[in-house]
Amino acid sequence: GRSFGTRYRHAGLLDDLDRANSIFEQVVESTPQGHPEQLARLFRLGIALCDRFKCFGEIPDFERAITIFQGVIELTPDGHSERPERLHSLGAALWDRFQRLGELEDLERAIEIRREVIELTPDGHPEEPRGGCVLGETVRGRFKRFGELGDLERAIAAFQRGVELTAKGHPAQSRILANLGIVFNERFHRLGELDDLECAIAAKHRAVELTSEGHAELPQRLNSLGVALNDRFGRLGDMDDLERAIQTYVR
């Protein structure tokens with residue numbers, strides 16, 4: 001089942017996704033209550049259902065995955081080595097469901113869970129930068145919903161922390177910088193502080209530098225940088241910014 005799931009994520013073959021889900025269902029059904037591997041097998045089924053939801057958009061798959069994650073976490077004791085990862089998956093699923101259905105309860109629960117993941121992740125752990133990044137993403141979502149400046153401040157702090165903790169050359173570095181640039185740009189639009197715009201441009205420029213040609217996110221990051229340069233042209237009237245913005249848009 002794991003092998004079919006891995007091949008699906010690498011090659012995108014839908015038959016592999018279906019076979020992975022079918023096998024995980026059989027494994028869970030044949031695992032007796034109280035078996036040492038019961039929770040791990042249920043968790044893998046939940047991940048597979050999330051993959052199928054992302055592919056086909058069937059809400060029942062997602063609802064079942066969330067129910068599985070919640071049940072697994074309830075039975076995972078505090079201090080268990082797998083608890084942070086299981087919480088992370090539940091938080092991600094609730095965040096995805098919020099984006100799909102717009103239920104505020106899912107957003108608040110996702111924020112709560114992602115804070116818990118950060119608390120449970122020891123300093124220096126390889127997953128520490130991810131925790132800050134996903135929390136920043138979630139509180140930014142709440143800012144966009146309600147416009148509370150405090151959420152925007154928390155998002156900036158979370159992404160800055162993510163940048164600090166991410167080793168140079170790590171694949172996540174460009175994504176975190178891109179997000180940091182976006183939230184700085186949003187605070188500039190909210191407060192009009194030029195320093196925020198300068199920070200936004202610096203972060204977005206670095207994100208573009210770290211994004212390889214042909215990367216799926218490159219057009220979006222170039223556009224975001226162009227927007228920030230255009231904002232600075234509108235504020236300061238420097239034609240160099242306008243020229244750079246045009247070059248970025250047409251790249």
Side-chain angles (χ1 to χ4, degrees), residues 1-135 137-139 141 172:
R2 287 197 299 271
S3 296
F4 278 120
T6 299
R7 191 166 70 177
Y8 162 71
R9 282 187 285 276
H10 281 78
L13 301 175
L14 297 182
D15 284 348
D16 285 341
L17 179 59
D18 284 337
R19 293 181 76 178
N21 273 271
S22 177
I23 291 169
F24 285 134
E25 292 278 9
Q26 293 175 51
V27 168
V28 166
E29 288 173 6
S30 63
T31 302
Q33 289 290 328
H35 189 282
E37 289 294 313
Q38 183 185 18
L39 295 184
R41 292 171 182 178
L42 276 167
F43 182 71
R44 290 187 199 112
L45 175 59
I47 295 293
L49 288 165
C50 284
D51 284 342
R52 193 162 68 185
F53 167 77
K54 290 173 183 176
C55 186
F56 298 109
E58 295 292 334
I59 292 294
D61 284 337
F62 213 35
E63 300 289 354
R64 188 170 173 222
I66 289 172
T67 299
I68 287 172
F69 290 150
Q70 288 171 330
V72 167
I73 288 166
E74 286 175 4
L75 295 173
T76 302
D78 293 340
H80 192 286
S81 62
E82 295 297 319
R83 186 172 177 83
E85 183 61 29
R86 292 170 182 176
L87 283 166
H88 170 77
S89 293
L90 175 58
L94 290 168
W95 167 243
D96 287 343
R97 189 167 69 179
F98 165 73
Q99 291 183 296
R100 180 69 178 266
L101 302 178
E103 293 292 334
L104 184 58
E105 184 179 350
D106 285 337
L107 175 61
E108 296 294 350
R109 182 74 176 121
I111 291 172
E112 178 185 336
I113 287 170
R114 287 176 164 179
R115 283 181 177 145
E116 184 178 353
V117 170
I118 289 174
E119 291 171 2
L120 292 175
T121 304
D123 292 342
H125 192 279
E127 295 298 331
E128 190 179 11
R130 181 183 68 172
C133 187
V134 296
L135 177 61
E137 173 188 66
T138 316
V139 294

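For the single chain, residues carry numbers from 1 onward in sequence order.
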Non-neighbouring partners of Arg2 that pass side chain to side chain donor-acceptor pair (under 3.5 Å), sequence neighbours left out: none
Can you name the salt bridge (charged side-chain N to carboxylate O under 4.0 Å, His left out) partners of Arg115, sequence neighbours left out? none
Can you name the closest pair of heavy atoms from Ile111 and Leu135 and give their distance? O-CD1, 4.0 Å
Do the ring planes of Phe43 and Phe69 sit parallel (below 30°), tilted (30 to 60°) or perpendicular (above 60°)? tilted
Glu137 (side chain) donor-acceptor with Cys133 (main chain) under 3.5 angstrom: no
Could I get the full list of salt bridge (charged side-chain N to carboxylate O under 4.0 Å, His left out) partners for Glu25, not counting sequence neighbours? Arg64
Test item: Arg97 and Glu103 side chains (from C-beta on) under 4.5 Å apart, heavy atoms: no
Side-chain donor/acceptor pairs under 3.5 Å, residues 17-24, sequence neighbours excluded:
{"residue": "Asn21", "atom": "ND2", "partner": "Leu17", "partner atom": "O", "Å": "2.9"}
{"residue": "Asn21", "atom": "ND2", "partner": "Ala48", "partner atom": "O", "Å": "3.4"}
{"residue": "Ser22", "atom": "OG", "partner": "Gln26", "partner atom": "NE2", "Å": "3.4"}

Listed partners of Arg44 passing salt bridge (charged side-chain N to carboxylate O under 4.0 Å, His left out), at least two apart: none
For Glu37, is the CD atom crowded, meaning more than 12 foreign heavy atoms sit under 6.0 Å from it? yes
Would you compute the distance between atom CG of Asp96 and atom SG of Cys50 and round it to the nearest 0.5 angstrom? 7.5 Å
Residues at least two apart in sequence or cross-chain that pass side chain to side chain donor-acceptor pair (under 3.5 Å) with Thr31, listed by chain then number, are Arg41
Partners passing side chain to side chain contact (heavy atoms under 4.5 Å, CB included) against Pro84 (at least two apart in sequence or in another chain): Leu120
Kindly compute the distance separating CG (Leu107) from OG1 (Thr138), expressed to the nearest 0.5 Å. 7.0 Å
Working to the nearest 0.5 Å, report the span between CG of Leu87 and CD of Glu112. 10.0 Å
Qualifying residues under side chain to side chain contact (heavy atoms under 4.5 Å, CB included), relative to Thr76, sequence neighbours excluded: Leu39, Val72, His80, Arg83, Arg86
Applying side chain to side chain donor-acceptor pair (under 3.5 Å) to Glu108 and not counting sequence neighbours gives Arg142
Do Leu13 and Phe4 come close enough that some side-chain heavy atom pair is under 4.5 Å? no
Side-chain contact, heavy-atom cut-off 4.5 Å: Ile118 with Glu128? no
Residues that Gln70 engages under side chain to side chain contact (heavy atoms under 4.5 Å, CB included), provided they are two or more places apart: Ile66, Leu90
Answer yes or no: is there a side-chain heavy-atom contact under 4.5 Å between Tyr8 and Asp51? yes
Taken in chain and number order and not counting sequence neighbours, the residues that satisfy salt bridge (charged side-chain N to carboxylate O under 4.0 Å, His left out) with Arg7 are Asp16
Can you list every ring-ring contact (aromatic ring centres under 6.0 Å, His included) pair that touches residues 86-120, not counting sequence neighbours? Trp95-Phe98
Supply the atom-to-atom distance Thr67 OG1 to Phe62 CZ, rounded to the nearest 0.5 angstrom. 11.5 Å
Kindly compute the distance separating CD1 (Ile47) from CD1 (Ile68), expressed to the nearest 0.5 Å. 10.0 Å
What distance separates Leu49 CG from Glu63 CD, expressed to the nearest 0.5 Å? 11.5 Å
